[in-house]
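Bear in mind that the values here come from a model prediction, so they are computed numbers and not experimental data. Every chain is numbered from 1, with letters handed out A, B, ... down the list of sequences.
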Amino acid sequence: MEYNFIEVEKKWQKYWENHQVFQAENNSEKPKYYVLDMFPYPSGAGLHVGHPLGYIASDIYARYKRLHGFNVLHPMGYDSFGLPAEQYAIQTGQHPAITTMVNINGGVDKAGNKIPGYEKQLKRLGLSFDWSRKYRTSDPSYYRWTQWIFIQLYNHYFDNNAQKARPIAELAEIFSKEGNLRINAACDADTPQFSANEWKNFSEKRKEEILLQYRLTYLAETEVNWCPELGTVLANDEVVNGVSERGGYPVVRKKMKQWSMRISAYAERLLQGLETIDWTDALKDAQRNWIGKSHGASVNFSIKGSDEIIEVFTTRPDTLFGVSFMVLAPEHELVREITTSEYKEDVENYIYETSKRSERERMAEVKRITGQFTGAYAIHPLTGDEVPIWIGDYVLAGYGTGAVMAVPAGDQRDYDFAKHFNIPIPNIFEGADLSEGACDSKEATLANSEFLNGLSVTESMPKVIAKLEEIGAGEQKTNYRLRDAVFSRQRYWGEPFPVYYADRMPKMLPEECLPLVLPEIDEYLPTEAGDPPLGRAKNWAWDTNKNKVVSNDLIDDKTVFPLELNTMPGWAGSSWYFLRYMDANNDQEFASKEALNYWKDVDLYLGGSEHATGHLLYSRFWQKFLYDCGLVPKDEYAKKLINQGMILGTSALVYRVRGTNQYVSNGLKEQYETDPLRVDVNLVGQGDVLDVEGLKKWMPEFEDAEFILEDGKYIVGREVEKMSKRWYNVVNPDDICEDYGADALRLYEMFLGPLEQSKPWNTQGLSGVSGFIRKLWRLYHTNEQFEVSDAEPTKEELKVLHQMIKKVQDDMDHFSFNTSVSHFMIAVNEFTRMKCNKRAILEPLAILISPYAPHLAEELWEKLGHKDSISYATFPVFEEKYLQDDTYSYPVSFNGKMRFKRELDVSVSRDDVESIILADEETQKWLGGKTPKKIIYVPKKIINIVF
RNA sequence: GCCCAGGUGGUGGAAUUGGUAGACACGCUGGACUUAAAAUCCAGUGGGCAUUGCGCCCGUGCGGGUUCAAGUCCCGCCCUGGGUACCA
């Protein structure tokens, strides 16, 4: 009886579902283990073979942990709010909720395309998810808590001294006692200073405005990335190379009133926290760079004829005597104030020109130097010299203070600017040649710098900072690149903010009124007035008496107020989803204290590295905030994180002879002038042979094609590139499950190579694991009948078994799934050779392999006479004694080159080894009469003779 | 430019602390079975020289070095992939 994977896989998937085999317990005596996959967005295109790589790896680990007696939480759900479903809604009018449902459960889209259904595809892979904890971020029962967390953020501020969040009510208390002069809290840059008395005399609205400048989520006029094509703002991590990450549309800078998250307050904690978690260095580095901590000084320059001062941040305060001009960002708030009438027009023109240029244009023209003198002068704090103030777009409004002290001698950008505008370049370094460029060496010695002359960079830093502090013109300062994250999206398919506006000030809905459910609208587009799509909702007002959503007609701004029209960004729901899995069906809290304290954190988190500076930073921030509020037990939520690599496609190329409809086989293409064209990889069989008839039917353009064959076959060219529909190189896991089975797919994806590496997919390779599965099956069968013997295993058989146990265990510790698969093959080859069908070997073998090929293992387990699922069997215990050999086959090397082997007793002494080896005929041959200088003997490793 | 990861047969990769380079597979070649093909099984397969037998020489991106011994460690380069970019 050959192994029928189709039937067996169906049988066990049904069994697991019916018996809820993988349901995790929230109160268990067993130790917990939480294995999490990154939240997928269920797209209509469905899975390709690259997607399940991480799911398979995490599933193997989860199953492995169950075999070791852990209570394993291994959940799955959907990050279902987001742009693609909404873009589809704009095009077709289909509600994004329906699109999302179809994408998850399968069906047919508006254009009649068959949608495979994300969940069906996942279930076919035999993944041991606890489906009872499944949810979608677009479920009101889920986003109710996203809204709730938003309110908590709104109700807190960040105490810089304590480095933690505190209730905003405490802050108001402090203000009424001592104003804000002494408080050290994270706030907007333009927060005014006031005394207790001033505070008391502020109107209620003014007080609210000021508190808003401290809240961890706040409404403020900010410079945002506006994407006109998508009709929404985007966060920094959603903008890649000046265009939107999704769609690649241009992004421009724009000032808008938006909700923001004060993530910058947590910059230091986010940085420090990295030290405590086991994530890859690449990922930690990416986060460190994004946070961008730098040490330096803030220096205040007064302005000639003005009370205003310009504060700059510099990492090189030692070069202060080299300042020959200042540059402000065009958006800097003081620009208009300080510009002299003479330069007003030029400055206005410059600001206008800059604002027109998109981020992308600015980046593309990095080499273009632009700027404009303002006519104003700053006063150098140490020399008293007058320093001209310029504006230039190489200074970014969002970093530091949006102003720099320019030291052309020490900074290449300042140097280029000075050269371009003929500004003097005073040399402040001993013996530096400034004819070609700035001297940015940290080894330089200072000159022309008064009390710093002759000092090195490191020596002068503290001196100059001390001086600045002494005269009150500056201080030591640490700066972070990390900026607050814009949290509003002018979109429909996202969480509504639980916010209404009274007298244009935001007010939170009462917590008990959540969720605020997304309203129905007629079209998923902005309103004619330019308001976000929610502006189309007819019932989108909040009645503060009835505590419910009512018709807009009832708005009176006394008891009925308009609701917020923006929605939350895609990352809102994914910033805390890992907590919800702990208690997914709780309708009283986001998760119960008991559940949170039992599961605590994620033990293993698997996902792609593309989330390094987005999701993985935001979610750490929310976790830290919730931790500060005492709502979660850990301030880092994922102990260990692994980034799985990408599986690349292997595109198939045909070569069209230029100007004809003839296609020439790969081996002959050099004889013609050809253009390569990509064709569907599914038309290519063994040996890269193209199914010519299939190609003719595939697309009309090939219908009348002629083919120049080699050896009667058309051989395609191959190219490795990203798996993508447009390259026709997408391989669907459903097809693989159909042809080879899910177990074969699981084994093969792991066998392909190290988890973290990118590697190309090649369907041909599947025959290897497929053959292995059959071979394994045959071990348990004789003459097509299941048959195992109860005979005692031999020493040799036990050795192979225990070698495998050890290997699998070690590999698991290092997440080297690929080498385990190789080792299964080796062991099965060995047992086949030994004709071993003993229960004492085959039972543990089935358990060892069950995380990788669970369907096959369950079937064998049942045949072995077990009533329960193999998922909760006990992992075989490794015993060293079976590996111990009496002899070892030593490689004997001469000057490091291996020449022959000799079997020696492991207990033999060094002296004996030397005399045995020297007496050997082969040794004498290799020595050729010379005397050995030295004999290296490493027990159970090597013998090396040096001569 | 900066940061990170990587470079081993025709291909994917193995060699976990320096100790037999190329495990395990794919592919390819030859053979068996078959009318034939597929499937299956067996053998060979890093390159070169020799194949009359032993065998020998060269080989882990390149050039140096440390060591009895280097794919592995150190120094200097080259290349590929990813991230990031006027960050003061």
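- Residue A:D411 is classed as having no contact, given no heavy-atom separation below 4.0 Å to the nucleic acid.
- Nucleotide B:G76: paired with B:C62 (Watson-Crick or G-U wobble, both distances less than 3.5 Å).
- Within 4.0 Å of A:D811, counting heavy atoms only, lies at least one base atom of the nucleic acid.
- Side-chain proximity of A:N829 to the nucleotides B:G12, B:C24, B:U20 is greatest for B:C24.
- Closest contact between the side chain of A:N944 and the listed nucleotides B:C68, B:A14, B:C4 involves B:C68.
- Using modelled atom types, no side-chain atom of A:N944 and backbone atom of A:I936 make a donor-acceptor pair closer than 3.5 Å.
- Nucleotide B:A70 is matched to nothing when pairs are restricted to Watson-Crick or G-U wobble geometry with both distances under 3.5 angstrom.
- Residue contacts shown for A:V946 are limited to sugar-phosphate atoms, with no base heavy atom under 4.0 Å away.
- Residue contacts for A:I826: at a heavy-atom cut-off of 4.0 Å it reaches the sugar-phosphate backbone alone, with no base atom in range.
- Nucleic acid contact class of A:R902 (heavy atoms, under 4.0 Å, all strands): none.
- Side-chain N or O atoms of A:N225 include one that pairs as donor or acceptor with a backbone N or O of A:L234 at under 3.5 Å.
- Picking from B:A14, B:C3, B:U16 the nucleotide with the shortest atom distance to the side chain of A:D810 gives B:U16.
- You won't find any donor-acceptor pair under 3.5 Å spanning the side chain of A:K897 and the base of B:U20, going by distance alone.
- Side-chain atoms of A:T478 do not come within 3.5 Å of backbone N or O of A:H295 as any donor-acceptor pair.
- The base-pairing partner of B:C49, taking Watson-Crick or G-U wobble contacts with both distances under 3.5 Å, is B:G55.
- Across all strands, A:S767 comes closer than 4.0 Å only to sugar-phosphate atoms, never to a base (heavy-atom distances).
- A sub-4.0 Å separation between OP1 or OP2 of B:C4 and a side-chain N or O of A:R288 is absent.
- Put simply, A:Q757 has no side-chain N or O that comes within less than 4.0 Å of OP1 or OP2 on B:G6.
- When rounded to the nearest whole Å, the span between CE of A:M405 and C1' of B:C87 equals 15 Å.
- Nucleic acid contact for A:S609: none, since no nucleic acid atom lies under 4.0 Å from a heavy atom of the residue.
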